[in-house]
Amino acid sequence: MTTTTTTSPGLAAVAAGFSRRRFLVLGGAGLALAACGGGNSAPGTPGAPDTGSGGASYGGPAVTIAFWNGFTGGDGDVIKKIVSEFNAQATNVKVEMNIYQWADFFTKLPAAVSTGKGPDVACMHIDDIPTNAARNIITPIDQVAAALNLQESDFSSAVWQGGTYKGQRFGIPLDIHPLALYWNKDVLDKAGLDAEKPPMTRSDYESVLAELKGKGTQGFWVSPFQFTGAFTYMSLLWQFGGDAFDAGVTKATFDSPEAVEALTWLTSMVDQGYSPKNVGQDADYIAFKNSKNAFNWNGIWQINDLKAQDKINWGVGPVPQIGSQQGVWGNSHQFVQLRQTRPDQNKVDATRYFINWVSQKSAEWATSGKIPAKLSVAESPEFKALKEEYSLAPEAQYVHFPPATAGIGDALTELYTAVNNAVLGKASPQQALSDGAKKATSILQDNLKKYGA
Amino acid sequence: MAVTAETQVGGVAAPVAAARRPRRASAPRTGRRSRPLTAYLFLAPYLVLFGAFIIAPAVYGIWISLHDYDFVLPFKPWVGLDNYVSLFTPGSRDFGDFWQSMGATGIFTGLSVPCLVVLPLGIAVLLNRKFPGRTFFRAVFFLPYVLGVAVIGLLFRYILDPNVGVVNYFLGRSIPWTTDLPWVWVSLVGMTVWWTLGFNATIYLAGLTDIPRELYEAAEMDGASRGQQFWNVTLPGLRPVLVFVVTTTILASANMFGQQLLLTKGAPGTSTRTIIGYIATEGLSSFRMGAAAAMSYILAIFLLIISLVVFRVFRERQDES
């Protein structure tokens, strides 16, 4: 999610350290890691009691707090700058930051926390919070939210509610990063189309694509992979009135008629020749940057990558409305506090101070290609000055996050596979989604048993 | 990755030594047999490491496979053999994915092992001749092996991209190298062969230099052609090395994971997701460590049987000769 190209998720990091002949070694390490499992307190045990200053300042003795995150892309530079600014102005608090690949982060974190070597504070995605709360990696921070005087009205509802699990707050929202429409102005210009006004409705979008096709350009490359095909599909799914799961997240519903209609529309882009067949990983974006593709639905985090090049002229704005309502895929980074085997009140206070301080700085964080989670910051002059990012602010009204349910990533994988099969023409949208939803439902049922309803 | 390469290069010493042993065994034994304790003492450090990092985790893995195991959760329910039974029960959560992934690994192993046994042998025979620039070419063939799987995977993903890759650009066609069957297998096997053939070639080379020159001279005196020399001198001389190469190549191919993760992400659908890929996802992403451990054991048993068959085949050949 944080990389400037679109390759971060899954197990890439595991593979990076994985040679063909190292399986035994790795297997051994995994088992040794498993053997370290120590922490046995029940999930949701509250952190240290609230006796601190409420995060406005820190008046205790000198402490060093550890901060982990997965900001390996361009946002890594921004967070480094924010942390060094914090360290420069804070007395008695020093933040030491470690940046890991997200995949590494989520394998290291549980082991570190259960051996008492976990960080004090971390950032994770909104849909990682329930899994980590259920697995007792992170602790409730209702008191932090109260001490910092944060309320639902300070945020958009979805981002605020997403930070909770079983009625307790585990995350303090930092940002929102939705999908956006990028358009290549050069390609539109060359085809004699209005490069300043991208099509925003289904009929406009389709007619522009037809015109582009007539001029020899396949204007909307559809990726069969999670980045960006599955994110595009999920946006459409909500636009067509469907949802990936039922309200209680006990059953996958991405085989509903609306869901099938949405995927059918997406695969029709390939069938009608608006997209080439067999689009490889990242090829949609590479083609876009090389003026072979006109439209790319990609994350807001690509803004800086496009700003860094001068090969093409481009625009960015909210994704078009293809279905009957507005909707777009998004995610959110949130601050979490890690469970400590020996809680230290001073560190808890210092952590709050740090979270509060960075929250105030979220306009600066937004320069890495994000929308600030806090409404007051999202409407501040500083954020409005970020022209590209600010143009996506309306999406915060109708953005959908992956549901806040423990183990949701396991079920979403089946949705990604379904999109892959359908876009590559290996199965009809109906068939691919039915197969995927059936598997996803059984995974959801298993997870309900494992993590409790 | 550099570390891995070193370890693997270091590992070459073992098979070569093994290759030498039979010939030396005929020399009269003058070994000191008086103090077995000394031998045990020297072996102890390895035994400790072997016990702590191989035996103990392996046994602990069996224990894990008998539970619904997630190491951070306080409650790890005992499920007995359920994790194993479900792998053999059609319709269970893992049955379809597990056997599909085993099949994918089987396809990859079946295609890559012959290439990785035969091609490096030919290259080693060529590189064993004396010609100007020999050292340079030895380096050229070994060099890709030094690169990590992440580098190789990303490199080939861009080279082989169906629409924007350079290979299709020169071919003037749009072959789905990374997204459709059977091309994905051609790509995965091809890139793995290019990447790792230097390792096997190096082992063959070490084995070749170990075949006494006199045998070739004698064969030449008897009027044997180049081909006959290869079949009757080179190949028999390489037999111990061949066992090593075949066994390790099968094991390495069966453990393929990084290539498919980076190049195809399992596409189309989950067709190229290998068994290690599936075990890693279930164990490390879904935290179903009990199920993943059970799958690992089934895979291990398969590999054990295959290794035994390989040893068997080569031993019988040795007995014949």
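Labels below follow one simple rule: chain letters A, B, ... track the order of the sequence lines, proteins then strands, and each chain is numbered from 1. Note that the structure is predicted; figures quoted are calculated from it, not measured.
- Under the 4.5 Å side-chain criterion, counting only non-hydrogen atoms from C-beta, B/Phe287 is not in contact with A/Asn447.
- The distance from atom OG of A/Ser275 to atom CG of B/Asn163, rounded to the nearest 0.5 Å, is 7.5 Å.
- Side-chain atoms of A/Lys277 and B/Thr179, non-hydrogen and from C-beta on, never get closer than 4.5 Å to each other.
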Q.
Go through it in stages, so that I can follow the logic: the residues are B/Leu284 and A/Phe106, the test is side chain to side chain contact (heavy atoms under 4.5 Å, CB included), and I'd like the CA-CA distance, side-chain angles, deciding distance and then a yes or no.
A. CA-CA 9 Å; B/Leu284 298 174; A/Phe106 285 113; over 6 Å; no

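- A/Asn278 contributes no side-chain N or O that, together with a main-chain N or O of B/Ile175, makes up a donor-acceptor pair within less than 3.5 Å.
- Considering CG of B/Asp70 and NZ of A/Lys450, their distance stands at 4.0 Å, rounded to 0.5 Å.
- Of the candidates A/Asp410, A/Asp446, A/Thr413, A/Asp410 is the only one forming a side-chain hydrogen bond (donor to acceptor under 3.5 Å, both in side chains) with B/Ser286.
- There is no contact between B/Ser271 and chain A, counting heavy-atom distances below 4.5 Å.
- Side chains of B/Tyr158 and A/Ile286 form a contact here, defined as non-hydrogen atoms less than 4.5 Å apart.
- Looking at heavy atoms from C-beta onward, B/Thr178 lies out of side-chain contact with A/Gln281 at the 4.5 angstrom threshold.
- Of the two parts of A/Lys292, only the side chain, counted from C-beta on, holds a non-hydrogen atom closer than 4.5 Å to a non-hydrogen atom of chain B.
- Residues A/Leu424 and B/Asp180 fail the side-chain proximity criterion, which asks for heavy atoms closer than 4.5 Å.
- Looking only at side-chain heavy atoms (C-beta outward), B/Val72 and A/Ile137 come within less than 4.5 Å of each other.
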